[in-house]
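Throughout, numbering of the chain's residues begins at 1 and tracks the sequence.
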Amino acid sequence: MKAIVAHAAHDLRLEERDTPAPGPGQVAVRMQAGGICGSDLHYYHNGGFGTVRLKEPMILGHEVAGVIEGVGDGVGLTKGQLVAVSPSRPCGSCAYCAEGARNHCLNMRFYGSAMPFPHIQGAFREVLIADASQCVVATGLSAGEAAMGEPLAVVLHAASQAGDLMGKRVLVTGCGPIGLLAVLVARAAGAAQIVATDITEFTLAKAREVGADVTHNVADAPDALAGYSAKKGHFDVLFECTGVAPVVASTVSALRPRATMVQLGLGGDMTLPVQAMTAKELVLKGSFRFHPEFAIGVAMMQSGRLDLKPLITHTLPLDQMQAAFDLASDRNQALKVQIAF
């Protein structure tokens, strides 16, 4: 089978790998669709992010869906079923798994991650052997929609960190796929107002399409959020999806006292206006991965409660993987770029 392998920054190769067979409790998934994520782009452009660096060749990819073509013993799934495959594989037995915090598993095996060494190989391959417990049947969805289950789960976990959004005024900074999913989820959760910021008109137009009430191009108007600072601020909740320190700092004056800041963007260490945050009693929460939210997100798409099709802007064949990664890097024309396997 073929797999997409990152060797170093800008060294992406389509390589041959052995096609394994499923063991007990496992399934063989013939890949149909794989979405290129921000972390994939970090490996592609920079060889990693922060302290996480490629130390050996690694198959990329973790936003995937495919059709079951083989089953091992003790598996209730059947051949031919379309499944969304969760990349989250906690051990189930460590202290954090026992606490119900499986996204913090001490022995996590998350597809396409260079955090541990040896690296956890990813899912951008023509045939993936997965635990049956990772697979959520995605009947009624396209393969592309099913592959959106992973980024949706990331945002659903972030929304759980934010708490009840009903009637809240929500600010979303950064309108890449995660930011746009935050707009969709906040709208579905009953937010009274959603304001989104970004630096390209393409992404801001998409934000309005999926539910943002107001958008601001902060490249053209860097002080756009200043208008929300009267009376100690306007917004109850921030979904920060850029990971850029000046962007995070610029939101503080626009947040109401006791507002909740949920940080999703990963951009490295940063300096924040802690004194101003303290005076407002702001709550800063990180949001890292997910676990139970994966199946919840697939069910929300199946019910029609969330429509993620507008976020899938391009689908390219496997032999055009290089073009797909370059396109996914261009926020002036692309959002979620998927590879058709």
Side-chain angles (χ1 to χ4, degrees), residues 1-8 10-41 43-44 54 56-73 75 77-89 109-114 118-139 141-151 294 298 312-328 334 336-341:
M1 66 174 179
K2 293 181 174 66
I4 298 175
V5 183
H7 285 253
H10 295 288
D11 186 359
L12 200 62
R13 308 178 195 179
L14 191 61
E15 297 183 349
E16 294 289 337
R17 290 287 190 274
D18 292 336
T19 304
Q26 295 180 326
V27 295
V29 180
R30 173 67 62 174
M31 205 56 60
Q32 299 291 310
I36 299 173
C37 173
S39 63
D40 296 317
L41 293 176
Y43 290 125
Y44 173 56
L54 285 172
E56 64 178 345
M58 184 178 77
I59 300 174
L60 296 180
H62 55 265
E63 300 179 7
V64 295
V67 173
I68 294 176
E69 71 170 16
V71 297
D73 293 338
V75 173
L77 300 170
T78 58
K79 293 182 181 180
Q81 288 181 309
L82 174 68
V83 292
V85 184
S86 173
S88 177
R89 296 177 291 164
R109 298 162 299 143
F110 198 96
Y111 287 140
S113 174
H119 300 333
I120 308 300
Q121 298 295 312
F124 281 174
R125 57 181 91 188
E126 289 182 303
V127 178
L128 176 70
I129 301 301
D131 295 339
S133 59
Q134 294 172 245
C135 299
V136 177
V137 177
T139 303
L141 299 178
S142 67
E145 289 174 282
M148 292 293 288
E150 193 275 344
F294 187 86
V298 173
I312 305 170
T313 56
H314 300 81
T315 302
L316 277 70
L318 179 59
D319 61 6
Q320 295 181 27
M321 62 163 192
Q322 189 83 43
F325 272 74
D326 290 335
L327 184 60
K336 182 55 66 180
V337 176
Q338 294 185 336
I339 294 171
F341 286 83

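- V85 pairs with exactly one of E63, Q134, H62 by the side-chain contact (heavy atoms from CB on, under 4.5 Å) rule, that one being Q134.
- In this structure, CE in M148 is found 11.5 Å from CG in L141, a value given to the nearest 0.5 Å.
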### Task
Take C135 and Q81 through the side-chain contact (heavy atoms from CB on, under 4.5 Å) test and state the conclusion after the steps.
CA-CA 10 Å; C135 299; Q81 288 181 309; over 6 Å; no
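- Within the model, atoms CZ of R125 and CD of E16 stand 13.5 Å from one another, a figure rounded to the nearest 0.5 Å.
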### Verdict with supporting geometry, M31 and L318, side-chain contact (heavy atoms from CB on, under 4.5 Å)
CA-CA 11 Å; M31 205 56 60; L318 179 59; over 6 Å; no
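- Of all the heavy atoms in M58 and A114, the pair that sits closest is SD-N, 3.7 Å.
- Here the straight-line distance linking atom CG of L128 with atom CD of E69 works out to 11.0 Å at 0.5 Å rounding.
- Of all heavy-atom pairs spanning E56 and H119, the tightest one is OE2-N, 2.7 Å.
- Contact record, A324 with V337: O-CG1, 3.7 Å, taken as the closest heavy-atom pair.
- Here the closest heavy-atom approach between residue M1 and residue V127 is recorded as SD-O, 3.1 Å.
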### Query
Taking it one step at a time, do I339 and I4 satisfy side-chain contact (heavy atoms from CB on, under 4.5 Å)?
CA-CA 11 Å; I339 294 171; I4 298 175; 3.5 Å; yes
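- With values rounded to the nearest 0.5 angstrom, R89 atom CZ is found 9.5 Å from F110 atom CZ.
- L41 and I36 make their closest contact through CD2-CG2, 3.8 Å (heavy atoms, listed as atom of the first residue, atom of the second, distance).
- Between L60 and L12, the closest side-chain pair of non-hydrogen atoms falls below 4.5 Å.
- In terms of modelled atom types and a separation under 3.5 Å, the side chain of Q338 and the main chain of T315 share no donor-acceptor contact.
- Closest heavy-atom contact between M321 and R13: CE-C, 3.4 Å.
- A salt bridge does not link E15 with K2: none of the charged nitrogens is closer than 4.0 Å to a carboxylate oxygen.
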### Task
Could you check Y111 against E150 for side chain to side chain donor-acceptor pair (under 3.5 Å), going step by step and ending with a plain yes or no?
CA-CA 11 Å; Y111 287 140; E150 193 275 344; over 6 Å; no
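- Classification of the F325-F124 ring pair by plane angle, with boundaries at 30° and 60°, yields perpendicular.
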### Query
Passes side-chain contact (heavy atoms from CB on, under 4.5 Å), R109 versus D131? Steps please.
CA-CA 12 Å; R109 298 162 299 143; D131 295 339; 3.9 Å; yes
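- Remark: D319 CG to L14 CG distance equals 8.0 Å, nearest 0.5 Å.
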